[in-house]
J.: 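The structure that follows is given in the form of structure tokens.
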Amino acid sequence: MKSAVYRSVCPLDCPDTCGLHVTVEGGERVTQVTGDPDHPVTKGAICHKVRHFPERVHHPDRILQPLRRVGRKGEGRFEPISWDEALDEILRQFHDAIDRNGAESILPYSYYGNMGLVNNGSMDRRFFHRLGASRLERTICNTAGNQGFTYTTGIKGALDPEETVHSRYVILWGGDFVSTNMHQMTFLTEARKRGAKIIAIDVRKNRTARWADEFISVYPGTDAALALGLMHVIAEEGWHDQAFIHSYTSGWEAFRERLQEYPPDVVARITGVPEAQIRRLAREYAHSNPTFIRIGNGLQHHDNGGMTVRTIACLPALTGAWRHRGGGALKENGLFTANKDVLERPDLLPDPHVRTFNMIQLGKALLEAKPPVQVLFVYNTNPAAVAPDQARVLKGLQREDLFTVVHELFLTDTARYADLVLPATSHLENMDIYKSYWHLYVQLARPVIPPQGEAWSNYRLFRTLAERMGFTERCFADAPEDIVRQVLDNPANPYMRNLSFAELQQQEIIKLNLSADPLYPNRLSRPEGKIALYSETMAVAGMDPLPAHTPLPEGRDGTGTRDEQFPFMFLSPPNHRFLNTTMANHQFLQRLEKRPSLEIHPADAESLAIANGDRLRVYNRRGNVILYAEVTERVRPGVVVSPGLWWNQSYEGNKGVNQLTPDRTADMGGGAVFFSTSVQIERL
Ligand SMILES: Nc1nc2c(c(=O)[nH]1)N[C@H]1C(S)=C(S)[C@@H](COP(=O)(O)OP(=O)(O)OC[C@H]3O[C@@H](n4cnc5c(=O)[nH]c(N)nc54)[C@H](O)[C@@H]3O)O[C@H]1N2
Ligand SMILES: Nc1nc2c(c(=O)[nH]1)N[C@H]1C(S)=C(S)[C@@H](COP(=O)(O)OP(=O)(O)OC[C@H]3O[C@@H](n4cnc5c(=O)[nH]c(N)nc54)[C@H](O)[C@@H]3O)O[C@H]1N2
Ligand code: SF4
Ligand SMILES: [Mo]
């Protein structure tokens with residue numbers, strides 16, 4: 001059979017947004033996915049997960065036609081129906097909901113299972129805005145930390161990650177980048193060859209910490225205290241960069257006073273990091289050049305996550321690290337900004353004050369909202385497994401008077417609760433445009449195989465629904481190419497002026513142009529034009545304008561536990577071979593990840609009479625989950641870790657780790673607090 005190789009882009013919610021080479025046989029069958037050797041960041045290397053994409057695309061379990069529920073909700077029994085029948089039913093349900101309780105009784109629920117802007121963040125948003133549906137705050141991932149970072153730096157991205165090869169001292173703080181941002185590690189491997197020292201700060205000796213030159217173990221939720229302790233030492237010793245602070249920051253005097261509250265002995269007690277280590281780290285950081293801090297998503301999944309990131313982001317301002325190529329800190333890059341008014345058309349909302357739900361409180365939304373949510377429309381996400389307070393989410397999804405539509409490639413935990421399941425294309429079947437939230441390249445991808453079975457892209461689904469609803473605004477007739485053009489067209493953003501559709505069609509990949517102002521201090525865009533050591537914006541919003549450490553309401557740190565009944569802190573970070581719950585249904589990858597486990601320190605295991613491989617019940621007031629013990633010194637006493645996210649179906653009793661996690665919101669951005677969870681453990 002004739003085979004051809006096409007260029008594509010990885011659509012997954014991963015900072016690397018790799019360029020792909022896709023081999024297709026006979027115009028129909030994807031047989032291989034590899035990294036694009038010419039992509040300046042990917043350089044031919046992609047992760048193990050996505051090399052298994054051919055199996056995902058042609059998986060025997062893929063949903064290839066619309067399905068209607070015939071069993072109980074959650075049971076997973078369906079019968080095939082036609083698209084026409086499915087669309088008729090959706091329209092009937094929409095009209096019934098609108099007649100009874102208004103359009104706000106319809107709730108769209110989506111996240112970034114597919115990062116393409118044609119299929120996520122344009123036609124879908126326009127449709128639900130025009131419909132007048134309830135709005136969704138998409139907070140499950142990064143909003144707390146991004147808000148915190150922005151309070152300090154004024155912009156969401158400050159540094160080109162390719163520059164980090166120049167860094168000489170690197171702190172990988174609260175992320176597992178070997179698994180979650182592999183090309184950052186490629187740049188740091190180069191930096192290390194040139195002499196860089198690499199530190200990892202985490203609650204667990206993860207893959208990244210094992211790779212680093214030094215691992216610093218902290219109690220969960222105490223990183224702001226550690227950063228304040230480091231800055232205390234730097235200021236006390238006079239190692240700060242007075243000239244940089246004077247030119248580029250605001251509030252130094254008040255900030256300095258705040259630092260007085262965090263001497264190393266106090267910080268050592270809170271964080272569990274010995275005082276001598278704090279002092280040495282401060283000295284090394286202040287005397288190295290350039291220094292780079294890569295801030296992970298893990299440390300901001302806490303009640304104090306926003307302030308933690310805001311506080312860490314002050315460190316490079318104290319030492320003036322921002323002056324140098326490869327110096328500074330990076331949470332995410334938001335330098336590419338699409339014009340959302342054009343893409344999403346919020347102006348189409350009949351009532352701009354329509355109610356909004358925070359996505360991390362889905363259980364509450366489904367069980368308590370008045371008027372009730374009558375139609376739930378899920379796409380690009382798997383909330384039955386990934387959303388916190390899972391018992392309540394599942395209870396909500398079970399409501400007999402709720403009509404749930406799920407657009408998916410697989411019968412996920414969420415799809416099993418649907419009244420209607422609609423088949424979705426994979427990204428290899430669509431045209432789309434991808435930006436990265438880490439590197440600075442924008443990429444175009446064209447379909448490389450036809451839609452499988454009767455699968456529809458998100459774009460086609462929402463365009464068709466708009467047509468059936470009789471929406472006549474011109475934006476509903478936009479072709480994917482039109483949307484790509486609109487994505488590129490944002491003259492307000494100076495770094496995007498070199499982007500055009502014609503160019504992108506030819507090049508398929510273009511880098512944002514920072515050449516006019518490569519260094520962040522020259523690009524300071526906040527009204528005062530300063531890095532906010534003291535934040536006037538936060539003061540106005542009624543928040544503490546200065547960095548601070550606030551103990552978690554639930555859990556433990558070096559000062560003790562908040563709840564004797566649930567003395568262990570429980571963390572459920574992503575694992576190496578799944579991407580959230582995507583790919584977690586591949587047997588080959590499942591075998592490598594073995595089974596849902598609980599890492600526990602030997603001392604804790606001994607006190608609970610737990611041996612390796614024991615079956616454990618892990619529980620708190622919200623729920624319980626069955627996990628298998630892995631006794632290891634990778635975690636410290638008092639902290640246990642269950643790498644995930646498996647499908648609920650992979651845990652005994654269909655109960656996943658989010659049975660245990662709270663749906664509280666973080667201190668900023670309405671963010672999720674998955675890791676501020678405390679539990680008790682029992683051997684079964
Ligand atoms: N292989 C793989 N890659 C992924 C994903 C995946 O599921 N699998 N998910 C993607 C997504 S959506 C995201 S958001 C990113 C996330 O990727 P990262 O930015 O790496 O963030 P997490 O993996 O959530 O970080 C988890 C780490 O944070 C640590 N941690 C937890 N609490 C604390 C704390 O209080 N202090 C400190 N210092 N450390 C803490 C955990 O021990 C763990 O090692 O990765 C993306 N890439
Ligand atoms: N306990 C715990 N919970 C967590 C986390 C954690 O670390 N611990 N991490 C959190 C984080 S950071 C995140 S970002 C969330 C992620 O949670 P989700 O956004 O729900 O990510 P996935 O679980 O990968 O689910 C994405 C789904 O979208 C589907 N999909 C892919 N492409 C398309 C498409 O084109 N159309 C349609 N209709 N569907 C498509 C996929 O098949 C997949 O089932 O999970 C959060 N939940
Ligand atoms: S998941 Fe991340 S590392 Fe893997 S191919 Fe996609 S973008 Fe690259
Ligand atoms: Mo995420």
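It should be emphasised that the depicted structure is a prediction, and the values quoted were computed from it without experimental measurement.
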J.: Does atom CZ (Arg72) have a neighbourhood of more than 12 heavy atoms from anything else shown, all under 6.0 Å?
T.: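 It does not: Arg72 CZ has 12 such atoms or fewer within range.
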
J.: For Glu593 and Gly644, indicate whether the former's side chain and the latter's backbone hold a donor-acceptor pair under 3.5 Å.
T.: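 No, Glu593 side chain to Gly644 backbone: no donor-acceptor pair under 3.5 Å.
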
J.: Please check: side-chain N/O of Trp83 versus main-chain N/O of Glu454, any donor-acceptor pairing under 3.5 Å?
T.: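 Checked: pair present.
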
J.: Can you tell me how far the CD atom of Glu137 sits from the CE atom of Met359, to the nearest 0.5 Å?
T.: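 Glu137 CD to Met359 CE: 10.5 Å, rounded to 0.5 Å.
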
J.: State whether the side chain of Ser436 and the backbone N or O of Pro15 hold a donor-acceptor pair below 3.5 Å, judged by distance alone.
T.: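 Checking the backbone N and O of Pro15 against the side chain of Ser436, a donor-acceptor pair under 3.5 Å is found.
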
J.: Does a donor on one side chain sit under 3.5 Å from an acceptor on the other, for Thr42 and Asp36?
T.: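 No, Asp36 and Thr42 have no side-chain donor paired with an acceptor closer than 3.5 Å.
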
J.: With Asn339, which residues qualify under side-chain contact (heavy atoms from CB on, under 4.5 Å), at least two apart?
T.: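 Asn339: side-chain contact (heavy atoms from CB on, under 4.5 Å) contacts with Asp341, Val342, Asn490.
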
J.: Tell me whether Ser134 contacts the main-chain N or O of Thr356 through its side chain, where contact means a donor paired with an acceptor under 3.5 Å.
T.: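 The answer is no, because no donor-acceptor pair under 3.5 Å joins these two groups.
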
J.: Could you tell me whether the side chain of His21 reaches within less than 4.5 Å of the side chain of Arg7, counting heavy atoms only?
T.: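 Arg7 vs His21: side chains touch.
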
J.: Are the side chain of Ser426 and the backbone of Val57 linked by a donor-acceptor contact shorter than 3.5 Å?
T.: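 Flag not set: sc Ser426 to bb Val57 has no pair under 3.5 Å.
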
J.: So, taking the atom named OG1 in Thr425 and the one named CG in Leu64, what distance separates them when rounded to the nearest 0.5 Å?
T.: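 Spacing of OG1 (Thr425) from CG (Leu64) equals 11.5 Å.
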
J.: With Tyr379, which residues qualify under ring pair (Phe, Tyr, Trp, His ring centres under 6.0 Å), at least two apart?
T.: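 Phe462.
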
J.: Could you give the distance from NE2 (His52) to SG (Cys47), rounded to the nearest 0.5 Å?
T.: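 Answer rounded to 0.5 Å: 9.5 Å.
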
J.: Could you work out, with ring pair (Phe, Tyr, Trp, His ring centres under 6.0 Å) as the rule, every residue matching Tyr111, not counting sequence neighbours?
T.: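 With sequence neighbours excluded, Tyr111 shows a ring pair (Phe, Tyr, Trp, His ring centres under 6.0 Å) to no residue whatsoever.
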
J.: For Phe403, give me all partners under ring pair (Phe, Tyr, Trp, His ring centres under 6.0 Å), at least two apart in sequence or on another chain.
T.: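 For Phe403 there are no ring pair (Phe, Tyr, Trp, His ring centres under 6.0 Å) partners, ignoring immediate neighbours.
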
J.: Is it true that atom NZ of Lys364 has more than 12 heavy atoms of other residues, nucleotides or ligands lying nearer than 6.0 Å?
T.: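 Counting other residues, nucleotides and ligands, NZ of Lys364 stays at 12 neighbours or fewer.
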
J.: List in chain and number order the residues that pass salt bridge (Lys or Arg N to Asp or Glu O under 4.0 Å) with Lys73, two or more places apart in sequence or in another chain; answer none if no residue qualifies.
T.: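 Salt bridge (Lys or Arg N to Asp or Glu O under 4.0 Å) list for Lys73, sorted by chain: Asp419.
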
J.: When you measure from the side chain of Asp432 to the backbone of Val118, do you find a donor-acceptor pair of N or O atoms at a distance under 3.5 Å?
T.: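 Yes, because the side chain of Asp432 sits within donor-acceptor range (under 3.5 Å) of the backbone of Val118.
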
J.: In this structure, which one of Arg345, Arg126, Arg130, Arg463 forms a salt bridge (charged side-chain N to carboxylate O under 4.0 Å, His left out) with Glu473?
T.: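 Among Arg345, Arg126, Arg130, Arg463, the one meeting salt bridge (charged side-chain N to carboxylate O under 4.0 Å, His left out) with Glu473 is Arg130.
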
J.: Has the side chain of Asn658 got a donor or acceptor atom that lies under 3.5 Å from a matching backbone atom of Val386?
T.: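 It does hold such a pair.
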
J.: Phe674 versus Leu645: any side-chain heavy-atom pair under 4.5 Å?
T.: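 SC-SC contact between Phe674 and Leu645 ruled out.
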
J.: Give me the one residue out of Glu429, Glu408, Glu55 that meets salt bridge (charged side-chain N to carboxylate O under 4.0 Å, His left out) with Arg62.
T.: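 Among Glu429, Glu408, Glu55, the one that satisfies the salt bridge (charged side-chain N to carboxylate O under 4.0 Å, His left out) with Arg62 is Glu429.
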
J.: Considering residues at least two apart in sequence or located in another chain, which fulfil the side-chain contact (heavy atoms from CB on, under 4.5 Å) criterion with Val393?
T.: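 For Val393, the residues satisfying side-chain contact (heavy atoms from CB on, under 4.5 Å) (neighbours in sequence not counted) are Leu362, Ala387, Leu397.
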
J.: Which one of Thr661, Asn654, Leu660, Asn648 satisfies the side chain to side chain contact (heavy atoms under 4.5 Å, CB included) criterion with Gln390?
T.: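 Between Gln390 and the candidates, side chain to side chain contact (heavy atoms under 4.5 Å, CB included) is satisfied uniquely by Asn648.
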
J.: Could you measure the distance from the NE2 atom of His301 to the OG atom of Ser572? Nearest 0.5 Å is fine.
T.: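 With rounding to 0.5 Å, NE2 (His301) is 9.5 Å from OG (Ser572).
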
J.: What distance do His427 atom NE2 and Asn458 atom CG have between them, rounded to the nearest 0.5 Å?
T.: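 The CG atom of Asn458 is 13.5 Å from NE2 of His427, to the nearest 0.5 Å.
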
J.: Residues in salt bridge (Lys or Arg N to Asp or Glu O under 4.0 Å) with Arg446, at least two apart?
T.: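 For Arg446 the salt bridge (Lys or Arg N to Asp or Glu O under 4.0 Å) partners, ignoring immediate neighbours, are Glu508.
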
J.: For Glu79, I'd like to know if atom CD has over 12 heavy atoms of other residues, nucleotides or ligands within 6.0 Å.
T.: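 Counting other residues, nucleotides and ligands, CD of Glu79 exceeds 12 neighbours.
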
J.: Looking at residues at least two apart in the chain, or sitting in another chain, which of them share a side-chain contact (heavy atoms from CB on, under 4.5 Å) with Ala45?
T.: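 Result, side-chain contact (heavy atoms from CB on, under 4.5 Å) vs Ala45: Met182, His183.
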
J.: Can you check whether Asn358's main-chain N or O pairs, donor with acceptor, with Gln361's side chain at less than 3.5 Å?
T.: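 No: the side chain of Gln361 does not pair with the backbone of Asn358.
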
J.: Can Asp413 and Arg416 be counted as an ion pair, charged N to O under 4.0 angstrom?
T.: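 No, this pair does not count.
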
J.: Taking Ala584's backbone N and O only, do any of them form a donor-acceptor pair with Trp646's side chain (distance below 3.5 Å, no angle check)?
T.: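 Not a single qualifying donor-acceptor pair exists.
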
J.: I'd like to know whether the aromatic ring centres of His48 and His576 sit less than 6.0 Å apart in this structure.
T.: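 No.
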
J.: Does the pair Glu467 and Phe476 meet the rule for a side-chain contact (heavy atoms from CB on, under 4.5 Å), with working shown?
T.: CA-CA 8 Å; Glu467 203 176 287; Phe476 291 112; over 6 Å; no

J.: With His439, which residues qualify under ring pair (Phe, Tyr, Trp, His ring centres under 6.0 Å), at least two apart?
T.: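 With sequence neighbours excluded, His439 shows a ring pair (Phe, Tyr, Trp, His ring centres under 6.0 Å) to His39, Tyr441, given in chain and number order.
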
J.: Going by the angle between their ring planes, with limits at 30° and 60°, are Phe471 and Phe127 parallel, tilted or perpendicular?
T.: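 Correct class here is tilted.
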
J.: So among Asp16, Asn333, Asp13, which one has a side-chain hydrogen bond (donor to acceptor under 3.5 Å, both in side chains) with Tyr437?
T.: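 With Tyr437 as partner, side-chain hydrogen bond (donor to acceptor under 3.5 Å, both in side chains) holds for just one option, Asp13.
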
J.: Could you state the interatomic distance from CG (Leu376) to OG (Ser105), rounded to the nearest 0.5 Å?
T.: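 The CG atom of Leu376 sits 11.5 Å away from the OG atom of Ser105.
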
J.: Go through the structure and list residues passing salt bridge (Lys or Arg N to Asp or Glu O under 4.0 Å) with Arg135, not counting sequence neighbours.
T.: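 None.
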
J.: What residues, two or more places apart in sequence or in another chain, satisfy salt bridge (Lys or Arg N to Asp or Glu O under 4.0 Å) together with Arg138?
T.: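 Checked Arg138 against salt bridge (Lys or Arg N to Asp or Glu O under 4.0 Å); zero matches.
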
J.: Say whether, by atom type as modelled, one donor and one acceptor occur between the side chain of His129 and the main chain of Glu344 under 3.5 angstrom.
T.: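 Yes, His129 side chain to Glu344 backbone: donor-acceptor pair under 3.5 Å.
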
J.: Is Lys395 salt-bridged to Asp389, cutoff N-O under 4.0 Å?
T.: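 Not counted as a salt bridge, because no side-chain N and carboxylate O are separated by less than 4.0 Å.
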
J.: With Ala415, which residues qualify under side-chain contact (heavy atoms from CB on, under 4.5 Å), at least two apart?
T.: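 Per chain and number, Ala415 pairs via side-chain contact (heavy atoms from CB on, under 4.5 Å) with Val406, Leu411, Thr412, Val421.
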
J.: Answer with yes or no whether the side chains of Asn585 and Asp61 bring together a donor and an acceptor at under 3.5 Å.
T.: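 Result is no, nothing qualifies.
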
